[in-house]
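For reference, the structure discussed in these notes is given below.
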Protein chains: 2
Amino acid sequence: MRLLVARCRVDYEGRLSAHLPSAVRLVMIKADGCVAVHADGGAYKPLNWMNAPNTLTESDAGLVVTNPQGETLHITLEEVVDDRTVELGEDPGLHKDGVEAHLQELLAAHPDALGDGLELVRREHPTDIGPVDLLCRDAEGAAVAVEIKRRGEIAGVEQLVRYLERLERDPLLTPVRGVLAAQRIKPQARVLAAERGIDCVEVDYDALRGRASDELRLF
Amino acid sequence: MRLLVARCRVDYEGRLSAHLPSAVRLVMIKADGCVAVHADGGAYKPLNWMNAPNTLTESDAGLVVTNPQGETLHITLEEVVDDRTVELGEDPGLHKDGVEAHLQELLAAHPDALGDGLELVRREHPTDIGPVDLLCRDAEGAAVAVEIKRRGEIAGVEQLVRYLERLERDPLLTPVRGVLAAQRIKPQARVLAAERGIDCVEVDYDALRGRASDELRLF
DNA sequence: GTGTATATCTCGGGG
DNA sequence: CCCCGAGGTATACAC
């Protein structure tokens, strides 16, 4: 990784045009060739960048980065403050826990957390516009489609409505009830869900995980 | 800005849990206090980060960053390879051209690009859930609501459907036709738009800009 | 502050 | 390869 601190101007031409007037900034060039120009603030997003794969040419004037789509990033160097290269090596990568996939696993194992007597029919039940997270049957044998989100927002309700439209057309399933399950559901999503006849269930991730490990302990 | 290159382990606890095993990485600490941990590849997104505002405490063991929401980032330092601080100063900021706002300007000036005989009534026509990008009348005097996107996706169709629901309630407007205008429209968005009776128009940004500059040249 | 819409989104998965 | 969905999305802006 090369860390170049310099007074520079930057111009990007591609999906849009973007220009940075002269200032001192950090130019980070990674081993895979990707380039990012950072100011001393503004979260982790760079002011300007070019992802790999690209071709980088350097001259006294500065850097020109071009990618296969014909986008260009021109970095005009006016004064180099610091320029060093460090060896980082391969990164073993990030391990995440607590994303939607885990919530889906837990709810597939414990569908009754979504309603008494609910039983799983299948996960990722396919429709022609994408898979429904969980398809269940309730105690009366009626079909229940479940959309799972970490955070329940309007988009999640609309997604479930689209699935329900499709599922209702299946004579083996109809009528189909809809359930939006999330760790937190926003008030506006609740309002829209109510209008569309969809039930909302807030799920306690830690409690579910606790149930899962309790059961493991029994065996 | 402080650029710390070190063998480290990183643990984030907050909206999810994320862990990085030991490796050499760049820890970037900006003047506003935000922290980003970068590997030597993978575009501009850091492996782990903590945005400002936060509190940063440092010891021999490493860094602990905490934000007001109670999220924590632990960076355990095992071996410091390099550690330097550079002065960057205030950044004059980025100037952009070619985003959705510009497409809206161009289409407001040339509504007939969306359909023969279309005329603009107003931009950003207000409804109680937000403004419609363009409200037009067609050659027969019927109302047309236009939603403009750089890329037409399902969310854009849903957005337009919500606006149409509201506009239809206005006796001076109803019936209202919907048009989704974008530089590119994805297949799934087309399918949903067709079901909802919404027209799709792909717009050539460069051609529109050419028309605009042609007209300037006439005067 | 919440809510809404955008983004050169990035990133990963599936066909 | 493209399409699609998720994200600790981040960011700007209106209310």
Side-chain angles (χ1 to χ4, degrees), chain A residues 10-18 34-37 42-52 54 65 67 69-73 93-94 96-104 124 126 129-131 133 147-151 153-156 159 162 183 186-189 191-192, chain B residues 11-18 34 36 41-52 54 65 67 69-73 94 96-104 124 126-133 147-151 153-156 158-160 162-163 182 184-192:
Chain A
V10 184
D11 299 281
Y12 164 78
E13 294 291 334
R15 280 162 279 186
L16 54 64
S17 301
C34 73
V35 179
V37 180
Y44 66 67
K45 192 176 183 182
L47 296 163
N48 248 320
W49 70 91
M50 182 76 82
N51 287 348
N54 61 48
V65 195
N67 74 4
Q69 291 85 49
E71 299 172 301
T72 58
L73 186 69
L94 187 66
K96 290 184 181 186
D97 181 32
V99 291
E100 183 192 313
H102 296 102
L103 197 53
Q104 189 188 123
E124 303 287 350
I129 54 160
D133 287 336
E147 176 62 34
I148 301 170
K149 294 281 179 222
R150 280 191 319 111
R151 287 186 280 183
E153 301 179 12
I154 284 178
Q159 195 177 341
R162 293 197 297 273
Q183 290 176 264
K186 295 214 173 177
Q188 296 225 349
V191 171
L192 186 65
Chain B
D11 299 280
Y12 164 78
E13 295 292 334
R15 279 164 279 187
L16 54 63
S17 301
C34 73
Y44 69 67
K45 193 176 181 180
L47 296 163
N48 245 321
W49 70 92
M50 184 73 83
N51 287 346
N54 61 48
V65 195
N67 74 4
Q69 291 87 48
E71 300 171 298
T72 57
L73 186 70
L94 187 66
K96 292 184 181 187
D97 179 32
V99 290
E100 183 194 313
H102 297 98
L103 196 54
Q104 189 189 121
E124 303 286 351
T127 75
D128 57 0
I129 54 162
V132 182
D133 288 336
E147 178 62 34
I148 300 169
K149 295 280 179 225
R150 278 192 322 113
R151 294 183 216 190
E153 300 179 15
I154 283 179
E158 303 276 23
Q159 195 179 339
L160 182 51
R162 291 197 296 272
Y163 291 144
R184 228 168 113 253
I185 298 179
K186 300 224 170 170
Q188 292 218 350
R190 282 186 193 280
V191 171
L192 187 65

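None of the values given here were measured: they were computed from a predicted structure. First the proteins, then the strands, lettered A, B, ... as listed; each starts at 1.
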field: Audit row: B:His102, A:Leu16, side chain to side chain contact (heavy atoms under 4.5 Å, CB included) steps and yes/no
entry: CA-CA 10 Å; B:His102 297 98; A:Leu16 54 64; over 6 Å; no

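- Across all strands, A:Gln159 comes closer than 4.0 Å only to sugar-phosphate atoms, never to a base (heavy-atom distances).
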- prompt: Run the side chain to side chain contact (heavy atoms under 4.5 Å, CB included) check on A:Ile154 and B:Arg162 step by step: do they pass?
  reply: CA-CA 11 Å; A:Ile154 284 178; B:Arg162 291 197 296 272; 4.2 Å; yes

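- As a whole-Å value, the separation of B:Glu158 CD from C:dT6 C1' is 17 Å.
- Counting to the nearest Å, the P atom of D:dG7 and the CD atom of A:Gln183 are 10 Å from each other.
- With sequence neighbours excluded, no residue forms a salt bridge (charged side-chain N to carboxylate O under 4.0 Å, His left out) with B:Arg184.
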Taking N or O atoms only and anything under 3.5 Å, show me the protein contacts with nucleotides 10-12 of chain C, one pair per line.
{"unit_1": "C:dT10", "atom_1": "OP1", "unit_2": "A:Trp49", "atom_2": "NE1", "d": "3.1"}
{"unit_1": "C:dT10", "atom_1": "OP1", "unit_2": "A:Asn51", "atom_2": "ND2", "d": "3.3"}
{"unit_1": "C:dC11", "atom_1": "OP1", "unit_2": "B:Gly42", "atom_2": "O", "d": "2.7"}

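- Counting non-hydrogen atoms under 4.0 angstrom, B:Met50 reaches a base of the nucleic acid.
- What separates CG of A:Asp97 from C1' of D:dA6 is a distance of 16 Å, to the nearest Å.
- Map B:Arg151 and A:Ile154 each onto its nearest nucleotide of DNA chain C; the residue landing nearer the 5' end is A:Ile154.
- Looking at which nucleotide of DNA chain C each of A:Ala18 and B:Tyr163 is closest to, the 5′-most match is held by B:Tyr163.
- Here the closest non-hydrogen pair linking B:Cys34 and B:Asn54 is CA-ND2, 4.0 Å.
- Among the nucleotides D:dG8, C:dA5, D:dA6, the one closest to any side-chain atom of A:Lys149 is D:dA6.
- Residue A:Asn54 contributes atom CG, which lies 18 Å from atom P of C:dT8 at whole-angstrom precision.
- Residues passing the side-chain hydrogen bond (donor to acceptor under 3.5 Å, both in side chains) test with B:Asn67, sequence neighbours excluded: B:Gln69, B:Glu71.
- Atom CG in B:Asn48 sits roughly 12 Å away from atom P in D:dA10 (whole-Å rounding).
- For the C1' atom pair drawn from C:dA7 and D:dG7, the interatomic distance equals 13 Å after rounding to whole Å.
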Show each protein N/O and nucleotides 1-3 of chain D N/O combination with a separation under 3.5 Å, one pair to a line.
{"unit_1": "D:dC3", "atom_1": "OP2", "unit_2": "B:Arg184", "atom_2": "NH2", "d": "3.0"}

message: The test is side chain to side chain contact (heavy atoms under 4.5 Å, CB included); show your working for A:Val35 and A:Leu73 and say whether it passes.
response: CA-CA 9 Å; A:Val35 179; A:Leu73 186 69; 4.3 Å; yes

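- Relative ring orientation between B:Tyr44 and A:Tyr44 is described as tilted, the plane-to-plane angle lying within the 30° to 60° band.
- Rounded to a whole Å, the CZ atom of A:Arg150 is 7 Å from the C1' atom of D:dG8.
- The side-chain hydrogen bond (donor to acceptor under 3.5 Å, both in side chains) check on A:Arg150 picks up nothing, with sequence neighbours excluded.
- The side chain to side chain contact (heavy atoms under 4.5 Å, CB included) test applied to B:Glu153 returns B:Arg151, B:Lys186, not counting sequence neighbours.
- Separating the CD atom of A:Glu124 from the C1' atom of D:dG5 is a distance of 11 Å, rounded to the nearest angstrom.
- Put simply, CG on A:Leu103 is 12 Å from P on D:dA6, counting in whole angstrom units.
- In plain terms, the two heavy atoms of A:Asp133 and A:Ile148 that are nearest each other are OD2-N, 2.8 Å.
- When distances run from any side-chain atom of A:Glu100 to the nucleotides D:dA6, D:dG8, C:dT8, the shortest one goes to D:dA6.
- Using a 4.0 Å heavy-atom criterion, one finds that A:Gln69 contacts no nucleic acid atom at all.
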